[in-house]
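Here's the structure we're looking at; comments come further down.
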Amino acid sequence: MKSKLLLIAVLLTAGKAMAQQKHTISGTIKSKAKGETLIGATVRVSGGGGTTTNEYGFYSITLTDGNHKLEFSSMGLQTNHLEFVLRKDTVVNISLEDESVSLGAVTITGTSTKRSLSTPQMGLEKLTTKEMKNVPVLLGERDAIKVIQLLPGIKSAGDGNAGMYVRGGAADQNLILLDEAPVYNASHLLGFFSTFNSDAIKDIAVYKGGMPAQYGGRLSSVLDIKMNDGNNQDFGVSGGVGLISAKLNVEGPIQKDKSSFLVTGRRTYADMFLKLSSDSSLNKNTLYFYDINAKMNYELGEKDKLYLSGYFGKDKLGVGDLFGLQWGNTTATLRWNHIFNNKLFSNTSLIYSNYDYTISINSGSVNADIYSKIRDYNLKEELQWYPSSSHNIRFGINSIYHTITPGQVTTSETSQINARTLEDRYSWENALYVTDNWKMSDKLSATYGLRVSAFSVLGKGDFFNIDKEGKILDTLHYKSGDFVKTYVNLEPRLALSYKLNSTSSLKASYVRNTQNLHLISNSTTSSPTDKWVASTNIIKPEISDQYSIGYYKDLFGGDYELTVETYYKSLQNQIDYRDGADVNTVSNAIESELLFGKGRAYGIEWLFKKRVGKFSGWLSYTLSKTERQIDGINNNKWYNARQDRTHDIAIVAMYQVSKKWTLSANWIYYTGDAVTYPSGKYQIDGQTVYYFTGRNTYRMPNYHRLDLGATLQLKKRKRWSSELAFSLYNAYGRENAYTITFEDSKEDPNKTVAKQTALFKFIPSISYNFKF
Amino acid sequence: MTMRNSFIYTILGAALLLGTSCEKEIDLNLNGNDNKLVIEAVLTDTKGDCVVKLSRTKDFAADNSFAGVSGAKVQIYHNGDTTLLTETSTGVYVAPELSGTSGNTYGLLVTLGNEQYTATSYMPSKVPMDSLSIVEEDLFGDITKVANVSFKDPAGETNYYRFQQFIRGTKVKRYYVRNDDLTNGNDINTRLYILGEDDDDHEYDINSGDEITVEMLNIDAAVYKYFFSLSSSATGESESATPANPVSNISGNAIGYFSAQTVERKTIKVP
């Protein structure tokens, strides 16, 4: 009902605007050098007004007839000006030239890198390639996800942990999309690297609040990553060799101007070093990953374009012959862009994503493989309609069919383990949304919309009724195709911006998100074997309501930006574990190990950024609190969520010394995570064990670290350019705690001690990158 | 558990290889304990094994000598037959003539001052140990001798097992528990690995000529849950995100367990 009213309101306002004598300018904006379509490129109309390109480079703007000056601009590219008399609907396709073509040179970009003061979108962070390139990272492997974690409100889960925490959300509450396909495990090598090869990435946007209605399914954030389309002008090769990994990127036109391809691959070779080790406990071990990104696009005609993109990655870890673990993501996206007319743009996507892992155990007479996966088939249809210069409307549907295989145990003939397959779990997730970007006046804009989500738990399978203690009361059997339960949720989205003056604005937003896939991991460290579980009759959809307000100010002529955002989130149906929970044992009724309750998170985030010039960088500070209240934990009182961190600071600085050298540094500091330590001890069967008085009542030691980086541009020859990148991770050798364990002292068995293990002290690295 | 351990060791191994992993003792400001009563109560199918030990929790920083709690009245009962245990040393209560029978449920009643603590435990059927042997296995690159227990799991019932290992007369400080969830009705070889020892620590090395003793216990579901949760979340190894006191079968303001269990011991000389 609500949605109908909204749509009618939208149509009415749109109709009114069209009654005047106006015409539409539309087209695609691309980069001249590579023919890549540009996302978020700006079209500005002199005398006020403007628009930005969508995720396929398409724009449409409707203006009154007459003389107009248009300005087309995009980050790192030369701005184009166009002056003409508008009398009829016109298609204007624009190609923008590079400001700088070399790989190493830092591009000092124009005005378009500025975050926008007038769009209502808040809680959005975008990364430039420059930031991605120059921030020093572990082992020299450039990683967008690691750089994102230096922004306020987005926190790394710590050394050796894959996850990230956004505004108090847990690691599984981030929707990570690669060309629209959900990625269920975004890490390689236990979180030391992300699955995203920065060479293949065109655009990254992180929404930590105010998510537009086209996104849904996770509570805390959306990380929307788009791959490069591939150069449709020239054939090009680039690559890099580092201490532990090498990569290669090949792209080029299939048909000049019309179609292109891109293939990017990476492989680590850390395991080769393992083999060189004389330590017999290491040299038989395996530890590597590889991944491939591939994409091609084809222009069917002026109005139709096809894109096919895919990702395939695999990690392998082995301890001699004893134990093996491999895991990986596969995604594929087929998209069809169709321009119905100069005001209506359509995209249809068919998406496949899959995450699976296999554990192999081969010890004595225990021989078994355990296989688990989550797989999605996903259909999306979205229409973007530009009825007038003050409205930009999107509506769409999304339908995903999930299959989760929780665990298949296969064994050899001689194994003493019995083969067993846990029932596959099926679910169907549907969403319908509409959202409108409405420019009410020069000062006031709004984005408002509604997402209706429906999540159906499907048979076949056994579901349970359990009591308060987690005991199974009865088992309900469902046949294939039965609807076990359907959860329907209305998710309103609203964002407002008010421009105070030419250099500052205020924004406010409210967003409701729901989540029906939950990651079960009762461990201090994230593991590829953590389980994805869909909502059931007992596990209810997680719901979050987030309110936020922000203040945005440009300082010193726009060279500096100040952003202050504050948020309050209230969460329902949050999940935690019973004392002594066993979530790894192969069993159908995982619910009996879980407890459900509510949560709240609030905080304030400051970001002070210098965008342009030889010296650039930012200072970010977050003050926040994240709590849970779950009956059965800590006497039903509010307690700190694990990811609760009071203070979180990041300082990032980049300095272009000369044409050849760029230096960079970043320093981070955060309050240790909330953890459970023992408060006492006792003995059971002569062995010291520990006595606990509450969950998450203690803190890990505070974390801090300085990283340094330098990039040296080597001599250029014709098309060939190359650079050397140096980095020093953890420059002052801070021993940050990875785990803290408790044991009887080796020196004096009559004492117990707390022992901290840190993963890294200093890690220097060097890598060589080239391009031709 | 083994799986998870290997995983962590590999990460640490990789970090070690980079020459960067480091360990140190740290000081943590830990709150006081509640001076809680700890009950360890065992009744087996063998006379002389029935022991109930009472002690209390201590502060983390205190030493590891745990004084017994004396002056309690400790009773074990079954179908109206009640046996009063006698305190032979501080906090140790025994009933030398008392043994249990498979299929029976036993009750424990501890009275200390004005407080009462109760528990019940079912003595399951006894699964015989077929043999105890020593096997050699390549563990993280070292050929290691490991104790191996063979038995046949009965198909018709759910069984829970616990093992205790003694090397040269010293009890190994590890909890070994298993169920037959994935192994029901099979011939089982269970290996009692001793993981997590430092390279220079030889206390638990098994060498030729050593005497190895293994006790195989059949326990009930609640005691299995107790030892499973104890070993996964209370031994200080900190892999669990939610370390907690193990799930106890004792009611009243005490921690610990009461197990009515069968026991079979075998001793071999390492070849």
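Any value given below was found using the heavy atoms of this structure, including those in side chains, with hydrogens, waters and symmetry copies removed. So you know, we letter chains A, B, ... as the sequences are listed, proteins then strands, and number each from 1.
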- Task: Can you tell which part of Lys36(B) gets under 4.5 Å to a heavy atom of chain A, answering side chain, backbone, both or neither?
- Result: side chain

- Measure the CG-OH distance between Leu30(B) and Tyr698(A) for me, rounded to the nearest 0.5 Å. 5.0 Å

- Rounded distance (nearest 0.5 Å) linking atom OG1 of Thr697(A) with atom CG of Asn31(B): 6.5 Å

- Donor-acceptor contact below 3.5 Å, side chain Asp63(B) vs main chain Lys751(A): no

- Task: Answer yes or no: is there a side-chain heavy-atom contact under 4.5 Å between Glu747(A) and Glu25(B)?
- Result: yes

- Task: Check each atom of Val38(B) against the heavy atoms of chain A and say whether the ones under 4.5 Å are side chain, backbone, both or neither.
- Result: side chain

- Evaluation steps, salt bridge (Lys or Arg N to Asp or Glu O under 4.0 Å), between Lys755(A) and Glu23(B): CA-CA 7 Å; Lys755(A) 255 168 96 177; Glu23(B) 247 186 20; 3.2 Å; yes

- Note on the structure: Assert top hit (heavy-atom pairs under 4.5 Å, partner chain B, pool Arg699(A), Glu735(A), Lys746(A), Gln756(A)) equals Gln756(A)

- Close side-chain approach of Glu40(B) and Ile684(A), heavy atoms under 4.5 Å: yes

- Quick one: does Ile740(A)'s side chain get under 4.5 Å of Leu28(B)'s, heavy atoms only? yes

- Give the member of Thr57(B), Ile255(B), Thr183(B), Asn245(B) that has the highest number of heavy-atom pairs under 4.5 Å with chain A. Asn245(B)

- Query: How long is the gap from OG1 on Thr235(B) to CD on Glu743(A), to the nearest 0.5 Å?
  - Reply: 10.5 Å

- Proximity breakdown for Asp187(B) and chain A, heavy-atom pairs closer than 4.5 Å: backbone

- Message: How long is the straight-line distance from CG of Asn33(B) back to NZ of Lys681(A), given to the nearest 0.5 Å?
- Response: 10.0 Å

- Task: Nearest 0.5 Å please: distance from the CD atom of Gln687(A) over to the OG atom of Ser231(B).
- Result: 9.5 Å

- Taking every heavy atom of Phe692(A) against every heavy atom of Ala244(B), the minimum-distance pair comes out as CD1-C, 3.5 Å

- Query: Near Lys171(B) NZ, under 6.0 Å, is it more than 12 heavy atoms from other residues, nucleotides or ligands?
  - Reply: yes

- Item | Centroid-centroid distance, Phe742(A) to Phe60(B), less than 6.0 Å | yes

- Message: Please rank Val247(B), Val146(B), Asn184(B) by heavy-atom pairs under 4.5 Å with chain A and give me the top one.
- Response: Asn184(B)

- Please assess Asp34(B) against Tyr691(A) for the test side-chain hydrogen bond (donor to acceptor under 3.5 Å, both in side chains), listing each intermediate value before the final yes or no. CA-CA 9 Å; Asp34(B) 304 334; Tyr691(A) 178 69; 2.8 Å; yes

- Quick one: closest heavy-atom pair of Tyr682(A) and Arg56(B), and the distance? CB-O, 4.5 Å

- Sorted by number, residues from residues 158-168 of chain B in contact with chain A (heavy atoms, under 4.5 Å): Arg162(B), Gln164(B)

- Bottom line for Tyr175(B): the part with an atom under 4.5 Å from chain A's heavy atoms is both

- Rounded to the nearest 0.5 Å, how far apart are NZ of Lys173(B) and CG of Asp685(A)? 11.5 Å

